[in-house]
Amino acid sequence: MNLRSFELFQNGAADAGVIYYYSGFFDSGMMDMLARALKDKLERENASGPVKRKLFSSFIEMAQNVLHYGGAPGGTAPESGKPGAIGMGHEEQSYWVACGNLVPSEQVERIHGKLTALKRMPLAEIKAAYRQQLANDEHESTDAISKGAGLGLLTIARDSTQPIEFDFVPHAQSAGRFSYFYLKTVI
């Protein structure tokens, strides 16, 4: 990256209101460091306690999704973590949290279906679905892919003040094996 590119990157981040950003590999050690740094950053933000709690919760759920469900194209050792990016910023009177990571292309339809359903649910229905999944003891026998019964996505949707946004973009370098998955919430 030359200095002009860095300047453009820095100006773009400032224009988007970015206050916290990480891009790289996600593993349990990095998750711990990101959580500690985010707590410190949130302490300095002039936001209410409930807003800070929702920001932290959504950030951690998104980071865990990268870690647990993110794809790693060939040549990446599993112990080096999963590649992705996550950020948080200001937008008028709100905050946003967004992430992006690779997912296996065969998972796109399943994730798209879950997020489309969540996006259409009113808040009361999201809360009811969250409580129902908390009490669902049969999840492991009915869904071999999701480790948390969808509670992470329900948590993100529950805490969002707007419908969640998402998108999938084919990852050309993996010859169709992976797609880039983007997710955003506003708090």
Side-chain angles (χ1 to χ4, degrees), residues 16-24 26-28 30-39 41-42 45 47-71 81-104 107-136 139 143 145-169 179-187:
V18 174
I19 57 174
Y20 187 83
Y21 177 76
Y22 170 77
S23 178
F26 287 70
D27 60 19
S28 59
M30 182 54 66
M31 290 284 297
D32 291 342
M33 289 177 25
L34 290 172
R36 283 195 307 268
L38 179 62
K39 280 183 180 177
K41 183 70 179 171
L42 288 174
E45 288 295 313
S48 70
V51 167
K52 290 178 182 178
R53 184 199 57 77
K54 289 177 181 179
L55 285 168
F56 186 79
S57 175
S58 291
F59 188 95
I60 294 300
E61 292 296 345
M62 286 185 181
Q64 286 179 342
N65 281 342
V66 174
L67 178 62
H68 295 302
Y69 308 114
K82 306 283 180 65
I86 191 164
M88 182 176 75
H90 279 199
E91 191 171 62
E92 298 175 1
Q93 300 301 313
S94 301
Y95 288 90
W96 54 263
V97 182
C99 70
N101 61 281
L102 294 170
V103 294
Q107 297 297 322
V108 169
E109 185 176 333
R110 183 179 80 79
I111 299 167
H112 189 280
K114 284 186 170 196
L115 291 171
T116 299
L118 270 177
K119 193 172 180 173
R120 293 180 180 152
M121 288 182 182
L123 181 58
E125 198 173 321
I126 292 170
K127 288 181 176 180
Y130 181 87
R131 287 190 298 273
Q132 183 179 7
Q133 282 304 99
L134 276 178
N136 182 1
H139 168 72
D143 188 345
I145 297 171
S146 177
K147 295 178 171 78
L151 288 172
L153 293 177
L154 285 165
T155 298
I156 293 167
R158 181 194 64 194
D159 290 347
S160 186
T161 58
Q162 299 177 12
I164 54 175
E165 296 177 39
F166 62 93
D167 197 9
F168 296 91
V169 177
S179 293
Y180 231 92
F181 167 50
Y182 297 97
L183 179 64
K184 178 186 172 191
T185 185
V186 175
I187 296 170

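Residue indices begin at 1 and follow the sequence shown.
- A distance of 12.0 Å separates CZ of Arg53 from CG of Leu42, quoted to the nearest 0.5 Å.
- Closest approach of Asp27 to Gly81, counting heavy atoms only: CB-CA, 4.2 Å.
- For the atom pair CG (Leu153) and CD1 (Ile111), the distance works out to 8.5 Å, reported to the nearest 0.5 Å.
- For an aromatic pair to be called close, the ring centres must be under 6.0 Å apart, and Phe181 with Tyr69 fails this.
- Here CE of Met62 is found 15.5 Å from CG of Leu67. Values are rounded to the nearest 0.5 Å.
- In this structure, Arg158 CZ and Lys127 NZ are separated by 8.0 Å, a value rounded to the nearest 0.5 Å.
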- Task: Report the C-alpha distance between Ile187 and Trp96 in whole Å, list the side-chain angles of each, state the deciding distance to 0.1 Å, and finish with yes or no for side chain to side chain contact (heavy atoms under 4.5 Å, CB included).
- Result: CA-CA 6 Å; Ile187 296 170; Trp96 54 263; over 6 Å; no
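- Within the 3.5 Å criterion, the main-chain N or O of Val186 finds a donor-acceptor partner in the side chain of Ser160.
- Looking at heavy atoms from C-beta onward, Asn101 lies out of side-chain contact with Phe26 at the 4.5 angstrom threshold.
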- Message: Is there a side chain to side chain contact (heavy atoms under 4.5 Å, CB included) between Phe56 and Ile60? Walk through the geometry before answering.
- Response: CA-CA 6 Å; Phe56 186 79; Ile60 294 300; 3.7 Å; yes
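- The distance from the NZ atom of Lys54 to the CD atom of Glu61 is 14.5 Å, given to the nearest 0.5 Å.
- Put simply, the residue from Tyr22, Tyr21, Tyr20 that forms a ring pair (Phe, Tyr, Trp, His ring centres under 6.0 Å) with Phe59 is Tyr20.
- Taking each heavy atom of Val66 and Pro83 in turn, the nearest pair found is CG1-O, 3.9 Å.
- From Leu34, atom CG reaches atom CE of Met31 across 7.0 Å, with rounding to the nearest 0.5 Å.
- Formation of a donor-acceptor pair under 3.5 Å by the Thr185 side chain with backbone atoms of Val97 is not found in this model.
- Of all heavy-atom pairs spanning Ala63 and Ile86, the tightest one is N-CD1, 3.8 Å.
- In this structure, Gln162 places its CD atom where more than 12 heavy-atom neighbours from other residues, nucleotides or ligands lie under 6.0 Å away.
- Legend: residues meeting side-chain hydrogen bond (donor to acceptor under 3.5 Å, both in side chains) with His90, ordered by chain and number and at least two apart, are Glu45, Tyr95.
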- Task: Test His112 against Phe166 for side chain to side chain contact (heavy atoms under 4.5 Å, CB included), laying out the working first.
- Result: CA-CA 8 Å; His112 189 280; Phe166 62 93; 3.4 Å; yes
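- Ser57 and Asp159 make their closest contact through OG-OD2, 3.9 Å (heavy atoms, listed as atom of the first residue, atom of the second, distance).
- Classification of Lys184 and Glu91 as a salt-bridged pair holds, one side-chain N sitting under 4.0 Å from a carboxylate O.
- Put simply, the side chain of Leu118 does not reach to within 4.5 Å of the side chain of Ile156, judged on heavy atoms.
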